[in-house]
Amino acid sequence: MIKPSIPSGTRDFGPVVVRKRNYIFQTIRSTFEVYGFQPLETPAMENLSTLTGKYGEEGDKLMFRILSNNDDKLAAAKAAASNKEMSSILSDKALRYDLTIPFARYVVMNQQELTLPFKRYQMQPVWRGDRPQKGRYREFYQCDADVVGSNSLLNEVELLLIYDTVLTRLGLQGYELRVNNRKILSGLAEVIGKQDLLTDITISIDKLDKIGAEGVRKELAARGLTDADITTIEQFLAISGTSEEKLAQLKTLLAASETAQKGIEELSFVINSGYAPFNTAPIIDVTLARGLNYYTGMIVEVKAPATVKMGSIGGGGRYDDLTGMFGMKGTSGVGISFGVDRIYDVLEELKLFPEATQQSTKVLFLNLGEASARAAFSYMMQLRARGIAAELFHESAKMDKQMKYADKRGIPYVVILGESELQENLLSVKNLVSGQQEKVSAAAFAEMTF
RNA sequence: GUGGCUGUAGCUCAGUUGGUUAGAGCAUCAGAUUGUGGUUCUGAGGGUCGGGGGUUCGAGACCCCUCAGUCACCCCA
């Protein structure tokens, strides 16, 4: 016999966990809906050509490829000249790596029918062949909201408000909405004359929190930057103060770059729009870079409250030419993503799940024999018609056992229809929380709330 | 892909310098209780000690290999 198991980095979700997860999903979904976003779902797998090259070298490595194991392909693969050729013969599909690229693909495929701007949300699992660790899974859910076909910075403002709304509704406090603009980072590379090293620079400075100023300096040197370059970057990283002070320092330091000035302007608008109040105001973090290199404007990352050591629970940004890679030029997109699995871990750690998420069956009818079950069934159907979750114990087991079942399931009410009740034409309703029991008529029962 | 730590009952873990038949708590099931749950008491089931090899008179323990889990790095939600 094989010991049953599941692949590492994947999880089963039991009833209690699913209920809690649904609470998060519902909070996010309803917020997306009230902001005017429409639902979209795409297949778990995409053609490999849709996905490869979109997430950088690392992304290609972490992609779960689907093996096409029919005999013809296997034979052809054996004759392949290189590993690369062999793998492209063996696999032409992969599980989706995120929701943004499939969305871009969908937009391009349906561009004739779509009314722009198109605002969609999508909540589905994605897969990454990563080594699992705390807060990192190989199958996890993302909840994305994106807008394509609108250049207005009001989108950015609204998306930040969505973060603020959802996290507040989930009862989270102490989270940080960190905002930056890719044009500023791009301008920094421009100022030191190393635009080709933009990605290296951003990856390094993004680690400032983790490895410190000295670590960043070492890494930048290793990536081919001169001492003079590094000095400029360190001045950049030293930027601090209030948002206004940071913006002013950026303006001075990056005065030579028009791109940077544009980015500073955008950042200033997003931070200071004043269209609506935030519960937790977004903050400027010039070291925020984010990995995906298709971002071109605002970038945002949500940090979990510092006490839980979880890091990022969401992120997003603007990409001016997302659909360009599929041949549809000049359409801008901006979007955000919630990492549900990490939010779950954070809420769990901070004990922020409301009790009410666990309520399921409200009333259990005890089964005390054929006549009892028959009478109970019709009362049960009345409750169900009223929208009250109810069940009947299907076996005519000992009362003790049935009561224990109700207790363990957390069912708050038990209805007893034994011989005496049937004779009197009454129902005994017991509240398991208080221990109180009362006999009521059928008419009174039809009015009871649970 | 790289490194550290951990694998004993369904779960959490004991198990002495290597020594007889591997234990506890929780959980499960049954009974005390033939119309009343939570608390209590009694009893039962449940293990090729992750797998394979080695050292030894003797291995859950020591050595090697392997698999799995976990944490960290890379990268990322």
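Remember, it's a predicted structure, so these values are computed and weren't measured experimentally. Throughout, protein chains are lettered first and strands after them, A, B, ... in sequence-line order, and every chain is numbered starting at 1.
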Cation-aromatic face contact A:Arg120/A:Phe103, 6.0 Å, 45 degrees: yes
NZ or CZ of A:Lys362 within 45° of A:Phe450 ring axis and under 6.0 Å: no
Let's test your reading of the model: under 3.5 Å, does the base of [N] pair with the side chain of [X] as donor and acceptor?
X        : N     : answer
A:Arg136 : B:C75 : yes
A:Gln133 : B:G69 : no
A:Gln402 : B:U36 : no

Compute whether any side-chain donor of one residue and acceptor of the other, for [X] and [Y], lie under 3.5 angstrom apart.
X        : Y        : answer
A:Tyr137 : A:Asp345 : yes
A:Asp341 : A:Tyr141 : no
A:Asp229 : A:Thr232 : no
A:Thr259 : A:Glu190 : yes
A:Tyr344 : A:Glu349 : no
A:Thr52  : A:Asp60  : no
A:Asn47  : A:Ser49  : no
A:Glu421 : A:Ser428 : yes
A:Thr42  : A:Gln122 : yes

Please give the distance between the [atom1] atoms of [N] and [M] as a whole number of Å.
N     : M     : atom1 : answer
B:C67 : B:G52 : P     : 15 Å
B:U6  : B:G43 : C1'   : 35 Å
B:A9  : B:G60 : C1'   : 14 Å
B:A77 : B:C73 : P     : 15 Å
B:C71 : B:G46 : P     : 34 Å
B:C76 : B:U56 : C1'   : 50 Å

Letter per nucleotide, 5' to 3', of nucleotides 2-8 of chain B [B base touched, S only sugar-phosphate touched, - untouched; heavy atoms, 4.0 Å]: B------
For [X], report the nucleic acid contact type (base, sugar-phosphate, nothing); a contact means any heavy atom under 4.0 Å.
X        : answer
A:Glu421 : base
A:Gly315 : nothing
A:Lys210 : base

List every contact pair, protein side and nucleotides 27-31 of chain B side both N or O, where the distance is under 3.5 Å.
unit_1	atom_1	unit_2	atom_2	d
B:U28	OP1	A:Lys408	NZ	2.9
B:G31	OP2	A:Lys398	NZ	3.4

Closest-nucleotide 5' rank along RNA chain B - winner of A:Tyr137 and A:Ile416: A:Ile416
Residue A:Met403, side-chain atoms from C-beta onward, closest of B:A77, B:G37, B:C74: B:G37
Candidate nucleotides B:A77, B:G35, B:U70, ranked by approach to the side chain of A:Pro132 - the nearest: B:U70
pi-stack flag for A:Phe338 and B:A77, centroid dist under 5.5 Å, interplanar under 30°: no
Salt bridge (charged side-chain N to carboxylate O under 4.0 Å, His left out), paired with A:Glu46, selected from A:Arg96, A:Arg105, A:Lys93: A:Arg105
All pairs passing salt bridge (Lys or Arg N to Asp or Glu O under 4.0 Å) where residues 157-167 of chain A contributes a residue, at least two apart: none
Partner residues of A:Thr449 under the side-chain contact (heavy atoms from CB on, under 4.5 Å) criterion, sequence neighbours left out: none
Nucleic acid contacts of residues 40-48 of chain A, taken as heavy-atom distances under 4.0 Å to RNA chain B: none
Any A:Ser8 side-chain nitrogen or oxygen under 4.0 Å from OP1 or OP2 of B:G69: yes
Watson-Crick and G-U pairing of RNA chain B, under 3.5 Å, as dot-bracket with | and [ ]: (((((((..((((.....[...)))).(((((.......))))).....(((((..]....))))))))))))....
ring-ring contact (aromatic ring centres under 6.0 Å, His included) between A:Tyr35 and A:Tyr121, worked out: CA-CA 10 Å; A:Tyr35 275 79; A:Tyr121 71 89; over 10 Å; no
